[in-house]
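Notes for the one structure printed next.
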There are 2 protein chains.
Amino acid sequence: MGLIKPSYVCMLTLAMDIVGGKWKMVILWQLRNGVARFRELKRLLNGITQKMLTQQLRELEEAGLITRTVYPVVPPKVEYRLAEEGTKLIPALDALCQWSTNYASSHGIVESSCCATHMVEK
Amino acid sequence: MGLIKPSYVCMLTLAMDIVGGKWKMVILWQLRNGVARFRELKRLLNGITQKMLTQQLRELEEAGLITRTVYPVVPPKVEYRLAEEGTKLIPALDALCQWSTNYASSHGIVESSCCATHMVEK
DNA sequence: CCTTATTGTATCATTTTAGATACTACGTAT
DNA sequence: ATACGTAGTATCTAAAATGATACAATAAGG
């Protein structure tokens with residue numbers, strides 16, 4: 001979301017600076033049970049553009065939440081997975097997810113096909 | 001953050017639509033142990049403008065996370081407090097807060113005076 | 001030589017979010 | 001009469017986030 005500052009009055013603000021925005025939490029969530037390649041993530045993150053995905057992944061890497069493994073082959077192969085710090089965040093995301101699932105069900109909001117990781121398509 | 005849609009693929013996205021953005025979570029956090037008036041909130045939310053605070057509070061109210069109580073006196077007196085749905089979110093915010101506190105301490109980020117609610121000033 | 005597959009970059013436009021500033025209403029105290 | 005305090009609105013501007021589109025690199029397969 002924003003650049004990370006040297007000091008914070010409220011730690012929630014720091015959390016938002018690290019994983020706020022439209023995509024970061026969803027990316028981490030998709031990585032929660034394993035590794036994924038760029039293309040695979042793009043498919044899972046319905047509608048994200050290449051530029052955004054690259055950008056978000058770089059920022060998450062920079063913050064130390066994910067790792068990026070490049071295999072020197074062609075065509076390119078790059079794997080993304082949670083780093084230590086990223087893994088530690090999963091319980092919080094899970095709590096958030098449960099809250100909003102409950103919220104949705106009592107507000108007539110529909111959960112369409114949910115975040116199934118590693119869906120096999122076609 | 002954004003308008004709430006009728007359906008979501010990932011519930012984290014819903015959470016972000018409800019409490020994303022720069023201020024919403026912090027407002028809820030400040031309300032976690034009780035009531036606060038408009039002016040009081042403005043003081044606690046270092047640097048928020050009146051317009052933003054009003055706007056964020058209205059959106060939180062609309063989403064059913066807080067309640068707004070107007071006393072018909074002059075000068076005006078309005079109290080804000082967590083509603084049921086807002087209270088249910090606190091554990092998730094707490095998890096997030098703990099994560100980022102830990103993150104901060106291992107990344108040389110400083111927590112300056114933290115989110116003390118209801119500070120008595122002067 | 002041309003196409004395909006994968007992971008990108010670069011440039012520009014649009015949308016969303018946030019901020020600055022000025023103004024309103026009204027009872028009470030001075 | 002005037003200023004004060006609280007909780008706002010209204011208007012305009014600036015900054016940040018997101019999106020669309022086109023292009024690059026390179027080995028393998030035909």
Side-chain angles (χ1 to χ4, degrees), chain A residues 1-5 9-10 12-13 15-27 30-31 35-63 66-81 121-122, chain B residues 1-5 10 12-13 16-27 30-31 35-63 66-81 121-122:
Chain A
M1 213 164 180
L3 259 356
I4 291 164
K5 301 164 194 64
V9 172
C10 179
L12 283 171
T13 305
M16 293 307 291
D17 277 355
I18 300 174
V19 295
K22 191 170 174 182
W23 301 108
K24 297 226 176 77
M25 289 194 196
V26 186
I27 292 173
Q30 293 294 352
L31 292 175
V35 67
R37 295 181 59 179
F38 186 89
R39 208 68 178 169
E40 198 176 354
L41 278 173
K42 186 162 185 305
R43 227 181 309 117
L44 292 167
L45 270 50
N46 215 288
I48 195 173
T49 61
Q50 231 159 359
K51 184 194 125 183
M52 281 308 290
L53 182 52
T54 301
Q55 187 179 306
Q56 301 304 301
L57 287 169
R58 290 298 142 82
E59 288 172 18
L60 287 170
E61 191 194 2
E62 168 115 21
I66 64 173
T67 62
R68 178 167 174 270
T69 315
V70 182
Y71 296 89
V73 297
V74 87
K77 176 174 176 179
V78 180
E79 286 181 347
Y80 294 93
R81 68 194 78 209
E121 76 161 25
K122 161 93 181 337
Chain B
M1 211 168 181
L3 259 355
I4 292 164
K5 301 165 194 63
C10 178
L12 283 170
T13 306
M16 293 307 291
D17 278 354
I18 300 173
V19 294
K22 191 169 173 182
W23 300 109
K24 297 225 176 78
M25 290 194 195
V26 187
I27 292 173
Q30 293 294 353
L31 291 175
V35 68
R37 295 182 59 180
F38 186 88
R39 209 67 177 171
E40 197 176 354
L41 277 175
K42 186 162 183 306
R43 229 181 308 117
L44 292 167
L45 271 47
N46 214 287
I48 195 172
T49 60
Q50 230 159 1
K51 183 194 126 183
M52 282 307 291
L53 182 52
T54 302
Q55 186 179 305
Q56 302 303 303
L57 288 168
R58 290 298 142 81
E59 287 172 17
L60 286 170
E61 191 194 2
E62 167 115 23
I66 64 174
T67 61
R68 177 166 174 271
T69 315
V70 183
Y71 295 89
V73 297
V74 88
K77 176 175 178 181
V78 180
E79 286 180 347
Y80 294 93
R81 68 194 77 208
E121 76 165 24
K122 170 130 177 310

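Quantities reported herein were computed from a predicted structural model and do not represent experimental measurements. Sequence lines set the chain letters: A, B, ... in the order given, protein chains first and strands last, and positions in each chain run from 1.
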Using a heavy-atom distance cut-off of less than 4.0 Å, which residues of residues 16-23 of chain A contact DNA chain D?
A:G21, A:K22, A:W23

Within a strict 4.5 Å, meaning less than it, do heavy atoms of the A:I27 and A:L53 side chains meet?
yes

Nucleotide-resolved protein contact map, nucleotides 2-13 of chain D, B/S/- at heavy-atom distance under 4.0 Å
---BBBBS-B--

For the pair made of CE in A:M52 and P in C:dT7, what is the distance, rounded to whole Å?
18 Å

Between B:L57 and B:R68, does a side-chain contact (heavy atoms from CB on, under 4.5 Å) hold up when you go through it step by step?
CA-CA 9 Å; B:L57 288 168; B:R68 177 166 174 271; over 6 Å; no

To the closest 0.5 Å, what do you measure between OG1 (A:T69) and CZ (A:R37)?
12.0 Å

Write down the distance between CG (A:L53) and C1' (D:dT18), rounded to a whole number of angstrom.
13 Å

Are B:L41 and B:I48 side-chain neighbours, meaning at least one heavy-atom pair lies under 4.5 Å?
no

To the nearest angstrom, the CD-C1' distance between A:Q55 and D:dG19 comes to 11 Å

What integer distance in Å separates A:L3:CG from D:dA16:C1'?
11 Å

Does any non-hydrogen side-chain atom of B:Q50 lie less than 4.5 Å from one of B:R39?
yes

Who are the salt bridge (charged side-chain N to carboxylate O under 4.0 Å, His left out) partners of A:R81, not counting sequence neighbours?
A:E79

Any side-chain heavy atom of A:K22 within less than 4.5 Å of one from B:M16?
no

